[in-house]
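Some notes on the structure that comes next.
Given the structure is predicted, the values throughout are model-derived calculations rather than measurements.
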Amino acid sequence: MYSQGLDIGADAGRAAASAEELAREEAFQRKIDQEIKIEPQDWMPEAYRRTLIRQISQHAHSEVVGMLPEGNWVTRAPSLRRKAILLAKIQDEAGHGLYLYAACETLGVDRAELIDQLLSGKAKYSSIFNYPTLTWADIGMIGWLVDGAAIMNQVALQRCSYGPYARAMVRICKEESFHQRQGYEIVMTLARGTREQRRMVQDALNRWWWPALMMFGPPDRDSVHTAQSMKWKIKRFTNDDLRQKFVDVTVPQAHYLGLEIPDPELRWNPERGHYDFGEVPWDEFWRVIRGDGPCNRQRLEQRRRAFAEGAWVREAALAHAAKRRARRAA
Amino acid sequence: MAAGAELFSYLLRLGDDALILGQRLSELVGRAPEIEEEMALINISLDLIGQARLLLSYAGEVEGAGRDEDDLAYLRDVLDFRNHLLVELPNGDFAHTICRLFLVSAFKEQQYEALARSRDERLAAIAAKALKEVRYHVRHSGAWMVRLGDGTEESHARAQRALDALWMYTGELFTPDALDRAMAEAGVGPDVAALKPGWDERVNAVLREATLRRPEDGWMQSGGKDGRMHTEHLGHILAEMQFLRRAYPDATAW
Amino acid sequence: MKDWPVWEVFIRPRNGLDHRHVGSLHAPDGEMALELARDLYCRRGEGQSIWVVPAAAIVASAPEDRDSFFEPLEKEYRHAQHYRIPPEVKGM
């Protein structure tokens, strides 16, 4: 889900392989079917490796870019407790980004290259972070809806076939549990507050609901490569499955607080045992993925600037380490 | 036991130092030179906000007027803040950020070490906990002072520039006033002048390793801890920090 | 643009346990690697001792050698289940 724009078609399609390659791929698939983890240095199909690099790095980029909308409000958090909680959450996200970059590097790619792809606009990150945080209520929405959606996907990824990614996800899931709760707590406090606070939180829900549903990626009918990802146990549930699950779980949470979901077609369907909901505005989804969301340019610009301004610092650290080594050798 | 009003003012000094520096560091989200360093600085900011909460809560109790940590943090204006000037200065470039953090943390290490022996048990407990955190802050910022000072020509120049610019705010840390003396007499706080030798030792050792020149002592700025004259920066910090509370005065919960 | 080198991190969560590999990180020197390892892996108090090792210093076995390296070690008489002891005999 942090890997919405994933396309492995180009890699998966190849001319007929040699008998040896075929045997290797079969052995590889058998390992996966037996839930044996693939570790770094193990043989793997090139398409598997590239898909993982893209999925893991997209996830890492999302964590790192995701710190920005929250960073936008941490200096204005309305209580010291909220400020401390938000700082802890942001710190967790930085940590998650670092675990994921580290996991990605085990696949033979340099972090510097990944960062370069992010800052040059070549790499993708979750579209949700291209929306602005306009009020304090938005911070509540990010915790409740965005982290809620992420958790749904991440729990499944703990059983992903690639060892380092699965282990990073176990660590991340353990830490993630408070993220959603703190968001819901903010929303609940506002929903039970003054008229102005209630207006603030309903407005935030109106703006974040559909982007949150978009986090699960395009509909299954448009996601032709889901099948291969599922076979390789990189993906464990389809986009629509997760999206439906999210709606079913979240709608009662909103109704409990007297909040309205901005979807006139939302209704409980007793035959299906699920909520029916309206069509996600897919043109907006593709537009944001392609770079024309409200904040795409800003988010990247901010990270770019920090990176550029930090060059002399990184160089100084390396220069100093080199001096120390030289002194020790002397 | 020290009189309520004096202890209250003293706790504000300590709480405001932690709060304002914590706030300054929280501005660095998305702005640090590397994600790793961003994590470290946010961690330090979190420590400081935690210290601020403990100190300001205690202050509110001592005052006995029903003000809690948030009332004190969000509803006082510049005239009533009691932090040292050094913590309200802007972050500047990374050399400036680190240098300021180092100079303040080295002071806090001395101050909290002394306060951990305070006759006020609650303050002693807060100080003992804060001391553990501050030792890490000194270590982290000190190591960076050395990397920058003894790194490249550019980093050395920036570090020296930062040190020279910040030096005139260090005098306030060690100049006792009437409140400091009253607290020292009551056994609640240290004689701040006596904290200087320990600070000098730590600072000189780091500057030496960093190949940085210790600035000459010239005129020292003051007016923060007694609230006589803050810098223009504090108003902007408060405007940002306090906005929501001021914009929605009827809201009782956030 | 040269990146900071990679370090592998090993944490002993509590006394009595071994150091376990928990992941890797980038840092310019050992001091920062240690501090960062603490920030990254011990935020919830899960650490008692930290080792950081430059990734370049690690000598690792290769997966291709797995068969020749590990299988000969398998000698079943090293395992207790290999031996049949009559059930009447206690304490073994």
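Between the side chain of Y248(B) and the main chain of E196(A), no donor-acceptor pair closer than 3.5 Å is present. Side chain of R147(B) to main chain of A317(A): no donor-acceptor pair is present (N/O by atom type, distance under 3.5 Å, no hydrogens or angles). A donor-acceptor pair is defined here as one N or O able to donate and one able to accept, closer than 3.5 Å; no such pair exists between the side chain of D250(B) and the backbone of T194(A). The backbone N or O of P33(B) sits less than 3.5 Å from a side-chain atom of R314(A), completing a donor-acceptor pair.
The residue among E93(A), R305(A), R299(A), Q197(A) with the most heavy atom pairs within less than 4.5 Å of chain B is Q197(A). Among I237(B), V146(B), T252(B), the residue with the largest count of heavy-atom pairs under 4.5 Å with chain A is V146(B). Annotation: maximal heavy-atom pairing with chain A below 4.5 Å, among E36(B), R31(B), H156(B), occurs at E36(B). When the candidates L148(B), L56(B), I98(B), N43(B) are compared by the number of heavy-atom contacts under 4.5 Å with chain A, N43(B) comes out ahead.
Proximity to chain A involves both the backbone and the side chain of E69(B), based on heavy atoms less than 4.5 angstrom apart. At a 4.5 Å heavy-atom cutoff, A40(B) makes no contact with chain A through either its backbone or its side chain. When heavy atoms are compared at a cutoff of 4.5 Å, A32(B) approaches chain A solely by way of its backbone atoms N, CA, C and O. There is no contact between L41(B) and chain A, counting heavy-atom distances below 4.5 Å. Looking at I49(B), the atoms closer than 4.5 Å to chain A (heavy atoms on both sides) all sit in the side chain, from C-beta outward.
Side chains of F94(B) and E309(A) form no contact here, defined as non-hydrogen atoms less than 4.5 Å apart. Side-chain contact between M67(A) and E38(B) is present, with at least one heavy-atom pair separated by less than 4.5 Å. The side-chain heavy atoms of V313(A) and E34(B), taken from C-beta on, include no pair separated by under 4.5 Å. Looking only at side-chain heavy atoms (C-beta outward), W73(A) and V29(B) stay at 4.5 Å or farther from each other.
Here D150(B) pairs with R327(A) in a salt bridge; the nearest charged N to carboxylate O distance falls below 4.0 Å. Checked for salt-bridge contact, R158(B) and E315(A) miss the test: no charged N lies under 4.0 Å from a carboxylate O. Between E209(B) and R324(A), none of the side-chain N atoms (NZ, or NE/NH1/NH2) sits under 4.0 Å from a carboxylate O, so this pair counts as no salt bridge. Ion pairing of K83(A) with E240(B) is absent here, as no side-chain N (NZ or NE/NH1/NH2) approaches a carboxylate O to less than 4.0 Å.
With M39(B) as reference, L98(A) is the one residue of I90(A), L98(A), D92(A) to meet the side chain to side chain contact (heavy atoms under 4.5 Å, CB included) rule.
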